[in-house]
Amino acid sequence: MKELPKAYCPKDFEEKIYNNWEEKKFFNPDTINNKGKAFSIVLPPPNVTGSLHLGHAAMLAIEDLMIRYKRMQGFDTLWLPGFDHAAIATQNVVEKKIFNDEGKTRHDLGREAFLNKVEDFVSQSKKTITNQTRKMGSSVDWSRETYTLDDVRSMAVRKVFKMMYDDGLVIRGNRIVNWCPRCHTTLADDEIEYKETKSKLYWLKYGPFVLATTRPETKLGDTAVAVNPKDKRYKSMIGKKYMIPGVLGEFEITVVADEAVDPEFGTGAVKVTPAHSLVDYEIAERNELPIKQIIDEDGRMMANCGKYVGMTSLEARESIVKDMKAMGLIEKIDDDYDNKISVCYRCKTVIEPLISDQWFIDVNKKITKKGNKYFSNGASLKQVAIKVVKDKEINIIPERFEKVYFHWMENLHNWCISRQIWFGHQIPVWYDKDLKQPIISDAKPTEIVLQRHGEAKTNEKGVLSSDIDNLENGLTGTGKKQIKIMAEKLKNEKFDIIYASDFSRTKETVGILNKELKLKVIFDERLREVGVGEFEGKSVGDFVHFREADFEAWRNDSPKGIESFLHQKKRVFSCLTDILKKYSGKKVLVVSHGDVLRMAQGMHKNLTDEEIFKLGYPETGENIKIKLTNVESPNGLENIYQDSDTLDTWFSSGLWTFSTLLPEDWNGKKFEGKDMKRFHPTTVMETGYDILFFWVARMILMTTYVKGEVPFENVYLHGLVRDKNGDKMSKSKPETAIDPLQAGDKYGFDAVRLSLLIGNTAGNDIRLYDEKIEGYRNFVNKLWNISRYILMTLNPEKRDSKFELNKNVSLSDRWILSKFNTLIQDVTKMLDEYNFSGAGDLLKEFTWNDLADWYLEIAKVENDKDVVLIHILKNLLKMWHPFMPFVTEAIWQNLGSEQELMVSKFPQFDKKMIDKEGVKEFEQLQVVIGKIRNMRSEYKIDPAKKIKIQIKAGERLQSQFGIIMSLARLEKIELVIEKPEKSATAIVSDVEIYLPLAELLDIDKEIERLKSEIDNSKKYVLGLEKKLGNEEFMKNAPELVVAEEQRKFNEAKEKIEKLQNQLEELE
RNA sequence: GGGUGCUUAGCUCAGCUGGUUAGAGCACUUCGUUUACACCGAAGGGGUCGAGGGUUCGAAUCCUUCAGCACCCACCA
């Protein structure tokens, strides 16, 4: 047996072990091929905003624990990883970064360049996160990794959007939304946070009313005053119109009655600004009031605000209040009114409610859907989402969150899903300039590489050639080289076909490319260069100058025989349209000329003619990649443009449990596939309670609708990881914030995992600090050393021996085997009940107390323990493996097994190992040893000194004298029948222990000790006596309880008597 | 305003459907180079289980009121 190092050093093992698992594809259920039931978890995809924090680490530890446990139990186990593009969050991070690095805004860069920057950032984030996930030991199936923005997931998004549109669930409307003037986008109701502030409450003189408001500037948008219908003060005024004096002259309002008004607040009358308050908007809707918008999307006063135009609402407030004061329109101002203002959850900017044309999901609309059990009789999204949890089709752990879920779901308003940001799924809606109805398309975009021909002889000379007859214009040497290089690059991309202009320079380019690509080519004259008319053969500069001088003239007409811009555009667009129709979802290489490629880009970016004309195009031999969608429009493609908004990030993550299970070559028709059948609904959704609404609720809404299935059967919600003081960890408090990677490097990732698993219960926050992780690091090392000792003393021949229970086992064997099997039973039960902490506690207690402190110590004196030891060690490692995969696997490697621990079978409870008598007997032995140790300590006997004691005991205990001598460090045990004279005494039920006084101690101390023990026991007996004397107790308590109390009473009584005798003798 | 959770040893927490002389880890005290481990071992000190009331033979555990802390939700302008 090779010598193991004294202390476990995680760094020597962790990476190697993980790589080995991965190389053997153990994370992939197809390799493992377990025949059991499916057990699947889809990993909550981390946002690609940077790196993982402790919350993620906890998530990874808990899920890996479940997955490894189930995998070892033979379940067909899948843990599927992925990433979330996290639209607003990621865009904000990148925006901030660009602004800090380059001082530029996203608008300075433009959509395309900005998105490129985002993609760079995203791929960097993905790398970091992947690396961190691996370090934690997560056994996720990397071969199934997905991303919310990848092709299949994007197609799923478009497909669901169209389905919902067709069912009338996705609607467009001009409604009030939460608007963040900084992010320049709408926000869903739950993306708003509330901030407690002191603000001013203004009491305005308002025509015949006096009313209170915190936002006097919105007076400019008022169209009504609302009062409670029951309020007698205003009854006579309801329905009447009044002219109200204001800073911009008089305006008319209507008085309406509405239940939403609290007559107790202020004067009981409310000014109504429908365009800039959620409540007022609803009042306006109910009472059919006019809506007047006065604040724009930058949060500034609009043109209809007279001299206040252009001010922010805050500036306008000050200014208007000043003017109103001057006009005597302000009655009074309360200075410290407690108010909650709504702010953006991402950037904390104050939200400006305003009216906007947006896309919504109607959660209340009842629909009927064939083939979907939830909707077959008509139901709304909301109703179904409530029903599946009520019916326990989805089980939430801990249960109390069900209540929270129901409350939220019942109060859910229509969900605004459009966002005015660039990063995300662009809404799959196109508008035709001539049509009122939008066109929804779930078609798969065609990927097009726009390849410009190599340098031609005319390029070299700087002259023009657009005459089809002038076919002699081939490529220069440089041009041929350019294309050869490009062919090398393109040969790895899987194109379906080449479309090309039929000019000689493009034909020659295609020829060179196709030596590598070997594809079908279609030469299409619609891809030709613009006809240059009388500029044929003339200098390029002249032509450019001519066009730039008067773009408008050239756009429609064809002076000097030059083909007009629109004419060319029409033929190019029609060619592209044909390509899109025939090759939807495919990849096409288009070889053409600069100005043609420029138009294709214009189509891709939905630009105006002017903008197209100003666009650059690839250099000779270079290319650009674009994606275009085939949208059926009566007017053809050139008339159509796509909605520039993107979808709320939760739309795509709402599909996550099933969109991730779609096959890589999904045809976009049905949401089905092999993995889907095998793993959906997923078994457990494990995530933080903080995204119960954001995410969990959305998945339930979307999945029941799309699949007619629940997304998951169980929801396990973990808490937040907090610092030592119970505060949220943040980078601004580095003294208490812990980075999981750094902690792992310092203490090992097993220790980090344990510190997050043990002491962490569902739904509750967990505190983490260095000392805690350190404690678990110590434990990991303890386990290492237990194994090390067993391996060092083991007879190598017995290493692979199979354990079988036989009659030769000793008391200690019977005890440890019984204890161990109880442990298997309890741990299995607890893990099945999601009580990970409890299971870990039990394992730890067994490992440290029973195994290390007792059994191993006994193994040092008793012989023939090898077989039991190796049996227990192996199975204990299996049970520990899901908690701390690295160290257990590292030890396992030294046990000479062929197969890795990770793919071994989880131990099973074996009833015949349970030995209650043995356990009881051994426990008495433990107490006896404890008493002797205690006496030694009390009398300050040198631990090294071996002493003699006398014991009065039965045969059974006599057989264990060897163990007692060793563990209590005795020189000799003398068996006595009668109590010897002058000795210190301890009593353990029927066993009496005597420590001869002669050599050792002072009698006074022993008297004191005895007195105090008698005292204690007397108190105990008194309590029991009272209990047993209570008639009601004797009558009502179960027999078993009474008997046990009686037994305790007798035993204690006897003990007191003996101690009393001893005391008398000494005194 | 509504709701949820928490309050047990100095600190962090277990104690499930009521019956142990109330537990663990860390910290603390004393002792210890026993050939697995000082990232260790042995022994020990320390809690009227937030407060009051109730149910019960019996309450840390169930009910109720209150207090403190934390979090979530809500359209008091």
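Just so we're on the same page: letters track the sequence lines, and every chain starts at 1.
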message = So A:Asp690, base contact, sugar-phosphate only, or nothing? Heavy-atom distance under 4.0 Å.
response = nothing
query = Starting at CG of A:Leu1040 and ending at C1' of B:G58, how long is that distance when rounded to a whole Å?
reply = 16 Å
query = Can a donor-acceptor pair be found between the side chains of A:Tyr747 and A:Asp770 at a distance below 3.5 Å?
reply = yes
ask   = B:A36 base to A:Glu857 side chain: any donor-acceptor pair below 3.5 Å?
value = yes
remark   = With the side chain defined as heavy atoms from C-beta on, A:Phe265 is closest, among B:C37, B:C76, B:C57, to B:C76
request  = Could you check which nucleotide pairs with B:C71 in any of the strands shown, counting Watson-Crick or G-U wobble with both distances under 3.5 Å?
outcome  = B:G3
message = Considering every strand and a 4.0 Å limit on heavy-atom distances, what is the contact class for A:Arg777: base, sugar-phosphate, or nothing?
response = base
query = Given B:C73, is OP1 or OP2 found less than 4.0 Å from the side-chain N or O atoms of A:Asn411?
reply = no
request  = Would you indicate which nucleotide in B:C40, B:A43, B:A77 comes nearest to any side-chain atom of A:Arg933?
outcome  = B:A43
message = With a cut-off of less than 4.0 Å, is there a side-chain N or O of A:Asn785 near OP1 or OP2 of B:A36?
response = no
remark   = Taking B:C39, B:U21, B:G5 as options, the one with an atom nearest any side-chain atom of A:Tyr1020 is B:U21
message = For A:Val404 and A:Asn764, find the nucleotide of RNA chain B closest to each by heavy atoms; which residue's nucleotide sits nearer the 5' end?
response = A:Asn764
inquiry  = Rounded to whole Å, please give me the gap between CZ in A:Arg936 and C1' in B:A43.
reply    = 11 Å
Lys/Arg N to Asp/Glu carboxylate O, A:Glu971 vs A:Lys946, below 4.0 Å = no
task = Using the P atoms only, state how far B:A42 lies from B:G25, rounded to an integer number of Å.
result = 11 Å
ask   = Which is true for A:Ala852 with a 4.0 Å heavy-atom rule: it touches a base, it touches only sugar-phosphate, or it touches nothing?
value = base
request  = Please work out if A:Lys772 contacts a base, only the sugar-phosphate, or nothing of the nucleic acid, heavy-atom cut-off 4.0 Å.
outcome  = sugar-phosphate
ask   = Base, sugar-phosphate, or nothing for A:Tyr747, non-hydrogen atoms under 4.0 angstrom?
value = nothing
request  = Figure out the CG/C1' separation between A:Leu967 and B:G32, and round it to whole Å.
outcome  = 16 Å
task = Could you work out which one of B:C72, B:C57, B:A77 sits closest to the side chain of A:Ala1037?
result = B:C57
ask   = Heavy atoms under 4.0 Å, any strand shown: does A:Ile786 hit a base, just sugar-phosphate, or nothing?
value = base
request  = May I ask you to say what A:Lys340 touches in the nucleic acid, namely base, sugar-phosphate or nothing, with a heavy-atom cut-off under 4.0 Å?
outcome  = base
query = Where do A:Glu1051 and A:Lys1055 land on the salt bridge (charged side-chain N to carboxylate O under 4.0 Å, His left out) test, with the steps shown first?
reply = CA-CA 6 Å; A:Glu1051 192 176 298; A:Lys1055 183 172 163 187; over 6 Å; no
ask   = Between NZ of A:Lys844 and OH of A:Tyr776, what distance do you get to the nearest 0.5 Å?
value = 5.0 Å
ask   = Which is true for A:Trp203 with a 4.0 Å heavy-atom rule: it touches a base, it touches only sugar-phosphate, or it touches nothing?
value = nothing
A:Phe693, A:Phe401, A:Phe694 screened by ring-ring contact (aromatic ring centres under 6.0 Å, His included) with A:Trp408, the one that passes = A:Phe693
message = Between P on B:C72 and CD on A:Glu410, what's the gap in Å once rounded to a whole number?
response = 21 Å
message = Can you work out whether A:Glu938 or A:Glu771 has the more 5'-proximal nearest nucleotide on RNA chain B?
response = A:Glu771
ask   = Reckon A:Lys6 touches a base, only the sugar-phosphate, or nothing at all at heavy-atom distances under 4.0 Å?
value = sugar-phosphate
ask   = Between A:Arg753 and A:Glu14, does at least one N-O distance fall below 4.0 Å, as a salt bridge requires?
value = no
For B:G19, the Watson-Crick or wobble counterpart (both distances under 3.5 Å) = B:C57
request  = Among the candidates B:G25, B:A77, B:A36, find the nucleotide nearest to the side-chain atoms of A:Lys844.
outcome  = B:G25
inquiry  = If you compare every side-chain N and O of A:Lys1048 against the phosphate oxygens of B:U21 (OP1, OP2), does one of them come in below 4.0 Å?
reply    = yes
Whole-Å P distance, B:A60 and B:U17 = 14 Å
A:Leu4 CG - B:U35 P separation (whole Å) = 19 Å
remark   = A:Asn849 atom CG is separated from B:G41 atom C1', nearest whole Å, by 12 Å
A:Leu720 CG to B:G5 C1', straight-line distance once rounded to whole Å = 13 Å
message = Taking the side chain as everything from C-beta on, heavy atoms only, tell me whether A:Asp723 gets closer than 4.5 Å to A:Ile738.
response = no
note = With the side chain defined as heavy atoms from C-beta on, A:His407 is closest, among B:A77, B:C73, B:C37, to B:C73
message = For B:C40, give the paired nucleotide (Watson-Crick: N1-N3 plus N6-O4 or O6-N4; G-U: N1-O2 and O6-N3; both under 3.5 Å), or none.
response = B:G32
inquiry  = Let's see if you can work this out: which of B:A77, B:A14, B:A36 has an atom nearest to the side-chain heavy atoms of A:Tyr337?
reply    = B:A77
query = Rounded to whole angstrom units, what separation is found between the CD1 atom of A:Ile766 and the C1' atom of B:G5?
reply = 16 Å
query = What nucleic acid atoms does A:Asn1030 come within less than 4.0 Å of, heavy atoms only: base, sugar-phosphate, or nothing?
reply = sugar-phosphate
request  = Scan A:Thr273, A:Leu289, A:Ile291 and name whichever one has a side-chain contact (heavy atoms from CB on, under 4.5 Å) with A:Asp280.
outcome  = A:Thr273
task = Between B:U4, B:C40, B:G41, spot the one nearest the side chain of A:Arg400, thanks.
result = B:U4
inquiry  = Side chain of A:Arg788 only, heavy atoms from C-beta on: which candidate in B:U21, B:C75, B:C37 is closest?
reply    = B:C37
task = Could you tell me whether A:Glu1044 contacts a base, only the sugar-phosphate backbone, or nothing, with contacts defined as non-hydrogen atoms closer than 4.0 Å?
result = nothing
task = Please determine, for the side chain of A:Pro1038, which listed nucleotide (B:C75, B:G19, B:A36) has the closest atom?
result = B:G19
